[in-house]
Amino acid sequence: MSDYNDMELMICVAARNLEDGATVVVGTGAPCAASMLAQKTHSPNLCIMFEAGGVAPILPSMPISVGDSRTFHKALLASSMPDIMETCQRGMVDYTFLGGAQIDMFGNINSTMIGDDHAKPKVRFPGSGGANDLASLCWNVMMMTVQDSKRFTEKLDFITSPGYLTGGNSRYEAGLPEGSGPFKIVTNMAVMGFDEETKRMKVLSVNPGYTRQDIQDNCGFELLWADKLEDTDPPHENELRILREEVDPHKYIIGR
Amino acid sequence: MSDYNDMELMICVAARNLEDGATVVVGTGAPCAASMLAQKTHSPNLCIMFEAGGVAPILPSMPISVGDSRTFHKALLASSMPDIMETCQRGMVDYTFLGGAQIDMFGNINSTMIGDDHAKPKVRFPGSGGANDLASLCWNVMMMTVQDSKRFTEKLDFITSPGYLTGGNSRYEAGLPEGSGPFKIVTNMAVMGFDEETKRMKVLSVNPGYTRQDIQDNCGFELLWADKLEDTDPPHENELRILREEVDPHKYIIGR
Amino acid sequence: MQTIDLKSGRNELFTDPDPDHAREFFRNKSRALKPKLSTVSKVVRDMISDGDYIAIGGFGAIRVPNAIVHEIVRQGKKNLGFAGHTSTHDFQVLVGGNCISKCDIAYIVGLEARGLSPNARRAVQNGEIQLTEWTNATLSWRLKAAAMGLSFLPARNMLGTDTFNYSAAKEIECPYTGKKFAAYPALYPDFAAIHVHEADEYGNCRVRGATVSDQDLARASKRVVITTERLVPTEEIRNNPEGTFIPFWCVDAVIEVPYGSYPGNMPYEYFSDEAHIKEWLTVEKDPQAFRDFIKKQVYDTKDFYEYLALNGGIEKMSKLRREEFLINGNGGGE
Amino acid sequence: MQTIDLKSGRNELFTDPDPDHAREFFRNKSRALKPKLSTVSKVVRDMISDGDYIAIGGFGAIRVPNAIVHEIVRQGKKNLGFAGHTSTHDFQVLVGGNCISKCDIAYIVGLEARGLSPNARRAVQNGEIQLTEWTNATLSWRLKAAAMGLSFLPARNMLGTDTFNYSAAKEIECPYTGKKFAAYPALYPDFAAIHVHEADEYGNCRVRGATVSDQDLARASKRVVITTERLVPTEEIRNNPEGTFIPFWCVDAVIEVPYGSYPGNMPYEYFSDEAHIKEWLTVEKDPQAFRDFIKKQVYDTKDFYEYLALNGGIEKMSKLRREEFLINGNGGGE
């Protein structure tokens, strides 16, 4: 078995969820790396889209911005932000990746602020950007993050992007598109999905070197557990080779 | 004084209303001829637009369709139908011309049908096309038409395009943009405007060779008359020359 | 609680504006980048069922996918719903084949400066085609609403008229200004055919001249077939992604049909054959003569190549090309 | 009568969404095809007043009209409202000049993969800038609503979140499906600056690469200034009307500013100067050092040419051009 770091593991595991012929809107960093890795392994026709308008580019390197020249390099379409967002809203986009400072048991995400006064937050983050849009409008939302009990929290300081809101049918009752929502959370310790009925976060597989106890200890709310809890298939040799040599040779992402 | 026919008179008189630097959406035929004549006389920078998307073309000849290649010839912009209509809705278009089978005293126009059963009309015309849109959204609506009391009628069989509806403020109360509406009706006999308060059709000037009696006799509703009723300034030599030699040398329009 | 009185149009809404129903369809629509070359007869056979609601790209007699229009008549498709947005010659041909039973009408029976289609007019006056009234802008916005993944868009036209009264529109109150607007239901057609200048085998398309609403139409429609003057290598698309007018994921099938807009105009390629269009308009005055005419022109031609040959073939196309480019004379070909 | 409970965001709506008020403005806006060449200093002096609501085209550090941004700081404009759509470096500079007092925020304090702006973050955390929350798509749609001449557009994002609660959005009920949608108020900025690849003296513009919402922004804004890498003859625009991205009637002034997006990326022209952007981010950690830095870079430079010269001039620009085109080496210039 190979040696790999947390970021490499999360990228390799996340990439396997992106099937050939699917569409994915990505940001810079790990999501872009995971999508490029999927393209170079099992999903040559995964269509990578950027919210600034670049569609299906042949990425010469990791973009610095979701709108920089690299995201349009040999692309099939140079579109606009409204067109990309409307394509999501129309139901043509399968996957997206989000990040955030906090996530709760229903997959709601905070990337706006810490504190309790919106006008004077303790810490201000960038805010939604396109995160709320993609979380609302794409079919399946994924997240890659290192897990700790501050980040995986009972109550968010601010719900930037919708997960399953308060669980059950609440997401759809709020008016968000039927059938959309959080799909997989890939952490350094485990892979989580969501319970079909309650929409609570549920551990599906445990990463090598971690225990149930580790996973629950590093989560600020009570996790559900799959009946058939599996061991996460660790990164394969060829995944790591392609990730290191072709996707991110300068270790911009996997060197973090 | 020159000899001219009704169509030539109407085109020359209408053209004088199009000031330099204004925008006008036109259809094929007389409106296009009037706009071209204005460009070649007092309004070199009149911007001619077509609903199919052509903006400010250098028209090599009279278009057959508002979307044919001529409407894009050396144009400044090849836009789309929604963009043109939205430009009207945003308040950037000063003038348009409409035609129709019937018009009433408030400038409402019927270009849809004759009869009283929409499902089985006695006569079916094309319908709105872009007429209702332009009548609703441009600032000033003009019409050129030969006048008779069947066409200038008390009650339309069908209101295709809005004029001042039932007069007064009713157009704006219906939700149509404030300050927009019918502006001038140029007929073979007279030039009409609309009373500022009642919004009823009002004769502004009488064409050479016609009397007040002629004008009222060829109108199915009671006309208002301007306090200072004028004589229509007949087509000038240079207008007729440019119209005949440069605008419509094949007499597609003025030969009708 | 509403503070103003809101009206609704009385005519039928032919299509479902529900964005979640549309999303469910689009969720399962293939978005894979795979070759999609097909044939006109196969596409019409497999992608259109009787009773479907269809839309035709272009502007009636400009950039119209006429090979598909002919084949719909040839295969005798029936009871189609139709987006009568900016239709002229295309509607004329489809009514000639008695294919349409309901129609959202903005502009259909007229052919602009050329006059009206006697046969299409007859069909409408006889009540053979059920009509719901709209306008050009409104049908543009109904398609845009669908392209945006919505159920409606607000607008400020049609208010106060019979065009509204005989539509299926509704008035709404603006939540910010309290003003009365029209709300137009999203239009998600079952099928659309669009003719383009260039496309690759995946369906990435380029268009010049009148675009009308075709960008929204391609996005709004559940199934989309592209006919193209020319197939181009994908490399060419990738060399200028700004030029892509319709992306591959909207497209289900691609067919190369040179002169595919004939007798309509194809901007920067060939002008319309006004003599032939006039032939349609003239012969339609006599129903029997029209039946003979459409038999010869459509039913008895095997495909669009035969139709082009019947009406002058390459020599005629060259002449129309010279007209398009305002080149006088016969080009030296005779 | 409403059948469902509809919420409203609690924060302030900074601009008037009334389409009739906007129409009245646009009625009197010159749409004449006349030369509009101007200068950066004149445009900022004459077209922006303290308290105006402004918007900056591009994507923060891509195709950003940086000469205008610097001049706003240099002239000390105050209490501006700001459309924080996809802003990064532009917001950073404007906050460095203390120009902004209220902001519609989608994305402002971050610079994507580069990290966050310490100074912009400080200003926001101190409550110096009043914020109303939105998202990237929502600000796109708010501009689109204005470009369409409306007061609002419906959409399906933001619902159920604090992003909605701290916005000025409202929920509405779809008149066709009864479903709950968000309604976003049209955003008509007082002023917008957009950097483009090519423009003629009338303001007909061409753009490549990331267009973001700039087509809608140019239409939505009351006053629009274009900075362009290159002026081109109008003849070139007329030779390819399909290439016109913004038409002249939206534009009030045109200024040729080569390398006008520096240190941002200009697609197909030059890449971003990441080292210089990093300098901004690093020096901002210390407020005094940042004051010195912005004095040297902005206040003490006479114009954008001096700023370019200060940061490497033509040699640096050539290097960034090679980076843009993925050309290795120094290009033989040394």
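Residue numbers start from 1 in every chain, and the chains themselves are labelled A, B, ... in the order their sequence lines are given, proteins ahead of strands.
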If one checks every heavy atom of C/Thr177 against chain D at 4.5 Å, the contacting part turns out to be side chain
Using a cut-off of under 4.5 Å for heavy-atom pairs, which of D/Asn240, D/Leu150, D/Asp20, D/Leu153 has the most such pairs with chain C? D/Asp20
Toward chain C, the part of D/Ala145 with a non-hydrogen atom under 4.5 Å: neither
Below 4.5 Å from any heavy atom of chain C, which atoms of D/Asp16 appear? Answer side chain, backbone, both or neither. neither
Report the distance from atom OG of C/Ser151 to atom CZ of D/Arg156, rounding to the nearest 0.5 Å. 7.5 Å
Measure distances from D/Arg206 to the heavy atoms of chain C and classify the residue's part below 4.5 Å as side chain, backbone, both or neither. neither
Quick one, C/Phe245 with D/Glu242, criterion side chain to side chain contact (heavy atoms under 4.5 Å, CB included). Give me CA distance, side-chain angles, the key distance, then yes/no. CA-CA 11 Å; C/Phe245 181 77; D/Glu242 286 78 13; over 6 Å; no
What orientation do D/Phe152 and C/Tyr176 show, parallel under 30°, tilted 30 to 60°, or perpendicular over 60°? tilted
Under a 4.5 Å cutoff for heavy-atom pairs, which residue among C/Pro241, C/Pro154, C/Pro17 has the most contacts with chain D? C/Pro154
Interface moiety of D/Tyr184 toward chain C, non-hydrogen atoms closer than 4.5 Å: backbone
